[in-house]
Amino acid sequence: MQNGLTVSPPPHDLVAFGATSFVGKILCRYLWEEFGAQGEIKWAAAGRSNAKLEQLRRALGAEAGALPLVVADAVDEASLRRLCASTRVVVSTVGPYALHGEPLVRACVESGTDYCDLSGEVQWIRRMVQRYDATARKSGARIVHCCGFDSIPSDLGVHFLQRQAVQRLDSPCTRVKMRVKAMRGDFSGGTVASLMNLIKEAAADRALRQELADPYSLCPAGYASNVRQPQVRRAEFDADFGAWVAPFVMSGINTRIVQRTNALSHQAYGAGFSYDEAMLTGRGLKGRLAALAMTAGLGAFMRAAAIRPARALLERFVLPKPGEGPSPEAQQRGFFDLRFLGQTADGRRIRTKVTGDRDPGYGSTGRMLGQAAACLALDVHKAATSGGFWTPATIFGDRLIQRLTAHSGLRFELVPDAPD
Ligand SMILES: NC(=O)c1ccc[n+]([C@@H]2O[C@H](COP(=O)([O-])OP(=O)(O)OC[C@H]3O[C@@H](n4cnc5c(N)ncnc54)[C@H](OP(=O)(O)O)[C@@H]3O)[C@@H](O)[C@H]2O)c1
């Protein structure tokens, strides 16, 4: 009720914007199969092309009246305001976010509409927090970036480990390592475009390179920590895991989100908390050679992508184009297995793992994003959580772990304290 007038609720609980993107189609199929369209969650599919949206609706086998469609363009602010007025929550897969995402975030924070996405673009997330956190706090809009493979398994994986540590060891772990034990999956054109755009921006901007190197770059302004964060930059032996490790490409975003979670939760993981991520490559000479090859390969790719002509060649001949990505069979065959080791300040240890039964970037990501959006729409009530920029662990926590375990093929488990 406002000024004696009854304000009717928006027609949709959730709108999936970017429904015709590669990952958007996976998300919509998942939402359709999991929720229908007019059941527990009343949702609509949105994008810039009505013809493509109609095609998506036909592919899902939905009747014309069953799944509403909303046409909006990421550069047309009026259409974004209409989109926000039609729903309580927007979930967006329109990326690269650094190129297309800001007008929608602005429309959401100004209208008080909740929002989540798949952005893993640190520089853009930092800009959004700096520009819009104050407005989101006033309007009540809850904004949650990084609701895909980056960074839900890392952020909720550390949250889960810390909860186990507090229950079993009576104290959070001040040192946590995440190691990718195994993973099978490919990139889509949209993810490659986001990565290429980040490398291009960083190559041209020294201040941005410094910002990207700061492990606390996503912590709130004024947050102070003098803990030097470890980082695996090259092949090295990790005695805790009894195996060789190499740098992990997603650690640049995941570690920043985990540190933001610690900062937003008033250092629930401790003032001296440190966290890093790496890939396990195995034992002995074979493991060492694999770690050296992986480090060299990643370094060569990053150097090539930073040089304009080489980047153009990679984009033209090697990498997937926007709209392309792994086949449904490849998504089914994919999986991931992440191992976490936590150590308390007095040296007691705990190990956990997070696994997923689809390829990380698409099959699993579509389902993680769908459940994050459902959690925002159904579980996390406005009255209980203020507006602002949250992380998956701080706003969803155990509620999303329950959803992912029950409906998205993820598992969060305690494992014996022995090298994997
Ligand atoms: N965090 C993770 O784990 C994760 C995993 C996967 C993907 N991602 C991210 O998700 C994003 C999408 O990836 P993707 O592979 O699905 O990309 P994609 O297939 O290239 O799709 C991009 C989408 O953006 C839409 N778009 C572009 N300009 C627009 C505009 N002006 N107005 C409205 N829509 C517009 C396109 O619309 P049309 O369909 O009409 O062309 C398309 O649907 C990327 O940023 C990627 O990095 C993250």
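Every number for a ligand or one of its atoms is a count from 1 in the order of the listing. Everything numeric here is computed off the predicted structure, so don't read it as measured data.
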Within the 3.5 Å criterion, strictly below it, is a donor on T394 or T391 matched to an acceptor on the partner's side chain? yes
Mark yes or no: R260 above the aromatic ring of Y223, with NZ or CZ under 6.0 Å from the six-membered ring centre and no more than 45 degrees from the axis. no
Would you mind telling me which of R228, R233, R179 makes a salt bridge (charged side-chain N to carboxylate O under 4.0 Å, His left out) with D276? R179
The test is side chain to side chain contact (heavy atoms under 4.5 Å, CB included); show your working for F396 and T385 and say whether it passes. CA-CA 10 Å; F396 303 131; T385 39; over 6 Å; no
Are R256 and D150 within salt-bridge range, i.e. N to O under 4.0 Å? no
Tell me, with the steps shown, if L338 and F248 meet side chain to side chain contact (heavy atoms under 4.5 Å, CB included). CA-CA 12 Å; L338 312 181; F248 176 46; 5.8 Å; no
Close-range residues for ligand 1, whose non-hydrogen atoms fall below the 4.0 Å threshold: F17, T20, S21, F22, V23, R48, K52, D73, A74, T93, V94, G95, P96, Y97, H100, L118, E121, G148, F149, D150, S188, G190, T191, S194, P322, G323, G361, Y362, T365
